[in-house]
Amino acid sequence: MPTVDLYDRSRRDFGVRPVMSTHNLHRHPLFSDEALVELLDHYPREHLYALTMGTDDTRTDDNRLAVHDGVSGASLLRAVKSGRLWLNVTQVHTADRRYRALIEQLFAQLVVLVPGLRPESTQGTLLISSPHALVYYHADASPSVLWHIRGRKRLWVYPAADDRYVNREHLEDIYAGVRHEYLPYDPSYDQAAVVYDLQPGQWVSWPCNSPHRLVNLDCVNVSLSTEYCTRDSRARARVYVANRFLRTRLGLRNLSTRGNGVAALVKTSAHRIARRCGWDPLQLKRHIPLLRVDPEAPGGTVAIDAKPTGSRS
Ligand SMILES: [Fe+2]
């Protein structure tokens, strides 16, 4: 049974300020190498993404997607250990009921610990990543909690709802799905960051849309990223997408981001009608695969049209 701790003094900070506390998932058998290999072997591969990255923190678009069809779970894990990539095991809450149950148990405890927390739905992505891998500066649309399980990593969390760190129009595009979560980054932003050196058995949350970035230390890392929706977060998402529509179609800028009230109701209702009429077609942003996972290759990947490493033909 997973356990979640949260200091009394941090309970009112949850969702308002960055918060770190402890859990015991690092002792759970679902996150051993054997369990991960078994999970990957049976995983619906359309929900599994392998991504490589560069080394320059400021080149936040430098992610490349690698295909992995025909690559076994053991080989995927070997590529992570010897290479430099991330496995994003998305939709783990729908793909495997053991992880679904675990996420439900975690949030059942969080709801008791955090005053007013009322998640309407939760979802999870298991993150398995290489030594020295990094996740570029980005902001997620949904509120989230990161449960760190294996390895060590450094996390920077930046102020939310501050135009100096996240441009409102970028956030509108992220909510609409027409832009990846990655944002322009300047190292000077770090002066405003809260920094955590995460160890197995620690969890962190931050305010919705707070930009953040991560760097693994010299070891394989396993974390469970959970996102949750509340009535407020759904209302917020609807307003951001409606604001984007009004900006791109009518040139209206700097509209209020308040998720409730008359203005929000008018904007979101207008947008709902516009969508039904096909007036807001969205070109969803997707990575194009350029690489293939190959545990024998330096870095753990090769160009998608290259022959597999060790091929004799
Ligand atoms: Fe994130």
Side-chain angles (χ1 to χ4, degrees), residues 1-32 35-36 86-93 96 98-129 133-135 138-160 181 193-217 219-230 233:
M1 178 76 175
T3 59
V4 181
D5 295 310
L6 181 59
Y7 302 118
D8 281 352
R9 66 176 182 276
S10 299
R11 293 183 181 187
R12 298 213 170 270
D13 287 343
F14 186 95
V16 180
R17 277 178 270 280
V19 167
M20 186 187 77
S21 192
T22 58
H23 62 80
N24 69 349
L25 290 188
H26 55 307
R27 290 196 275 272
H28 200 289
L30 274 181
F31 304 100
S32 66
L36 296 179
W86 283 81
L87 297 181
N88 285 0
V89 188
T90 68
Q91 303 284 326
V92 74
H93 59 292
D96 191 306
R98 298 169 301 170
Y99 292 86
R100 168 77 256 165
L102 204 59
I103 292 167
E104 285 176 355
Q105 290 163 355
L106 291 171
F107 274 85
Q109 294 185 54
L110 266 184
V111 162
V112 173
L113 293 168
V114 177
L117 179 63
R118 297 284 178 270
E120 294 177 347
S121 64
T122 55
Q123 55 180 290
T125 296
L126 191 60
L127 306 168
I128 308 170
S129 54
L134 59 85
V135 177
H138 71 283
D140 299 305
S142 297
S144 54
V145 181
L146 182 71
W147 310 86
H148 190 50
I149 298 166
R150 290 174 54 183
R152 287 162 201 276
K153 61 172 71 205
R154 178 165 286 189
L155 165 70
W156 290 257
V157 180
Y158 302 81
E181 294 85 355
V194 177
V195 184
Y196 297 105
D197 284 321
L198 289 180
Q199 315 230 8
Q202 294 182 321
W203 65 265
V204 188
S205 78
W206 46 83
C208 186
N209 304 146
S210 263
H212 50 284
R213 67 186 183 93
L214 294 145
V215 176
N216 287 356
L217 302 188
C219 44
V220 169
N221 274 236
V222 178
S223 308
L224 178 65
S225 171
T226 53
E227 296 191 338
Y228 60 95
C229 282
T230 63
S233 72

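Arg100 is linked by a salt bridge (charged side-chain N to carboxylate O under 4.0 Å, His left out) to Glu104, counting only residues two or more places apart in sequence or in another chain. By the ring-ring contact (aromatic ring centres under 6.0 Å, His included) test, Trp206 is found to be paired with His212, residues two or more places apart in sequence or in another chain being considered.
The shortest distance between side-chain heavy atoms of Leu87 and Leu36 does not fall below 4.5 Å. Two residues are said to be in side-chain contact when any heavy atoms from C-beta on lie closer than 4.5 Å; Pro207 and Asn209 fail this criterion. At least one side-chain heavy atom of Arg11 sits less than 4.5 Å from a side-chain heavy atom of Leu113. Counting heavy atoms from C-beta outward, Pro18 and Tyr196 have side chains that approach closer than 4.5 Å. Considering only heavy atoms from C-beta on, Thr230 stays 4.5 Å or farther from Arg118 through its side chain. Under the 4.5 Å side-chain criterion, counting only non-hydrogen atoms from C-beta, Leu25 is in contact with Leu106.
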Would you check, one step at a time, whether the test side chain to side chain contact (heavy atoms under 4.5 Å, CB included) holds for Val89 with Tyr99?
CA-CA 11 Å; Val89 188; Tyr99 292 86; over 6 Å; no
Run the numbers on Gln91 and Gln123 for side chain to side chain contact (heavy atoms under 4.5 Å, CB included), then give the verdict.
CA-CA 7 Å; Gln91 303 284 326; Gln123 55 180 290; 4.3 Å; yes
For Gln109 and Met1, run side chain to side chain contact (heavy atoms under 4.5 Å, CB included): C-alpha distance rounded to whole Å, both residues' side-chain angles, the deciding distance at 0.1 Å, then the answer.
CA-CA 11 Å; Gln109 294 185 54; Met1 178 76 175; 4.1 Å; yes
Step by step, work out the side chain to side chain contact (heavy atoms under 4.5 Å, CB included) result for Arg213 and Leu134.
CA-CA 8 Å; Arg213 67 186 183 93; Leu134 59 85; over 6 Å; no
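When all heavy atoms of Tyr228 and Ser142 are compared, the closest pair comes out as O-CB, 4.2 Å. The minimum heavy-atom distance between Gly15 and Ser205, with the atom names listed, is N-OG, 4.4 Å. Val92 and Leu126 make their closest contact through CG1-N, 4.3 Å (heavy atoms, listed as atom of the first residue, atom of the second, distance). The two residues Cys208 and Ala141 make their nearest non-hydrogen contact at SG-O, 3.5 Å.
Side-chain atoms of His23 come within 3.5 Å of backbone N or O of Gln202 as a donor-acceptor pair. His93 places no side-chain N or O within 3.5 Å of a backbone atom of Leu102 that could act as its donor or acceptor partner. A donor-acceptor pair under 3.5 Å is absent between the side-chain atoms of Asp13 and the main chain of Val19, judged by distance alone. At distances below 3.5 Å, not a single donor-acceptor pair connects side-chain atoms of Arg98 with backbone N or O atoms of Leu30. No donor-acceptor pair closer than 3.5 Å links the side chain of Asn88 to the backbone N or O of Thr90. Judged by distance alone, with hydrogens and angles left aside, the side-chain atoms of Thr226 form a donor-acceptor pair with the main-chain N or O of Val145 at under 3.5 Å.
Under 3.5 Å, the side chains of Asp5 and Thr22 contain a donor-acceptor pair of N or O atoms.
The residue from Val220, Val222, Asn216 that alone fulfils the side chain to side chain contact (heavy atoms under 4.5 Å, CB included) condition with Ser129 is Asn216. Across Leu146, Leu6, Leu224, Ile149, a single residue satisfies side chain to side chain contact (heavy atoms under 4.5 Å, CB included) together with Trp203, and that is Leu6.
One distance of note links NE2 of His138 with OG of Ser210; it measures 11.0 Å at 0.5 Å rounding. Within the model, atoms NE2 of His26 and NE2 of His148 stand 10.5 Å from one another, a figure rounded to the nearest 0.5 Å.
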